[in-house]
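This report concerns only the one structure given below.
What's counted below: heavy atoms across the whole structure, side chains too, no hydrogens, waters or symmetry copies. As the structure is a prediction and not an experimental result, all values here were calculated from the model.
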Amino acid sequence: MNMYNFPIIIAEGLDVNFYMSVSSVQDSIEAVDIQNDVYKAYDSLGNKIVLSIIDDKIYIKIDYENNLKIELEKLLIDFLTAIEFKFSEKEESLASLLKKCSKFYQ
């Protein structure tokens, strides 16, 4: 059973989006991009999210065996840096980085 830890973070390079529901992810991302493997996806704890298409419907599954917390922290630091958000990178935890990104949640 999937226990989602929101937000779900979907990234295509430094184009990072934050979703507060599974349906908002399903409504916003493109099936062709999932097929072309352009997205990286995580939950708020850094667990990898696996995106798939079955019968033209987008499915989201958490891969609890594959925690990518450090990768997600780096992505969020790069995202905040790219948008010129001022913060102290060395003092940031995943939770504090997500809090700084909260104004971008959908």
Quick check: closest heavy atoms across [X] and [Y], and the distance to 0.1 Å?
X    : Y    : answer
Q106 : S24  : O-OG, 4.4 Å
I53  : Q35  : CG1-CG, 4.5 Å
L98  : Y105 : O-OH, 2.9 Å
S44  : L94  : O-CD2, 3.3 Å
G46  : L72  : CA-CD2, 3.9 Å

Determine, using the 4.5 Å side-chain heavy-atom cutoff (strictly less than), whether [X] and [Y] are members of one ILVMFWY cluster.
X   : Y   : value
I10 : L45 : no
I29 : V32 : no
I62 : I70 : no
V25 : Y59 : no
L97 : F85 : yes

Does any non-hydrogen side-chain atom of [Y] lie less than 4.5 Å from one of [X]?
X    : Y    : result
Y19  : Q26  : no
F104 : I9   : no
F6   : I8   : yes
L76  : C101 : yes
F79  : K100 : no
L68  : N47  : no

Can you spot which of L14, V16, I83 makes a side chain to side chain contact (heavy atoms under 4.5 Å, CB included) with D78?
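Between D78 and the candidates, side chain to side chain contact (heavy atoms under 4.5 Å, CB included) is satisfied uniquely by L14.
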From K69, K48, E71, residue fulfilling side chain to side chain donor-acceptor pair (under 3.5 Å) relative to Y42
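Filter result, single survivor: E71.
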Is the count of non-hydrogen atoms from other residues, nucleotides or ligands lying under 6.0 Å from I54 atom CD1 greater than 12?
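Above 12, so yes.
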[atom1]/[X] to [atom2]/[Y] distance, rounded to the nearest 0.5 angstrom?
X   : Y   : atom1 : atom2 : value
L51 : I34 : CG    : CD1   : 5.0 Å
E12 : D33 : CD    : CG    : 5.5 Å
I58 : S28 : CD1   : OG    : 9.0 Å

Determine, stepwise, if the pair Y4 / D43 fulfils side-chain contact (heavy atoms from CB on, under 4.5 Å).
CA-CA 7 Å; Y4 298 103; D43 73 2; over 6 Å; no
K99: what forms a salt bridge (charged side-chain N to carboxylate O under 4.0 Å, His left out) with it, not counting sequence neighbours?
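With neighbours one apart ignored, the set is empty.
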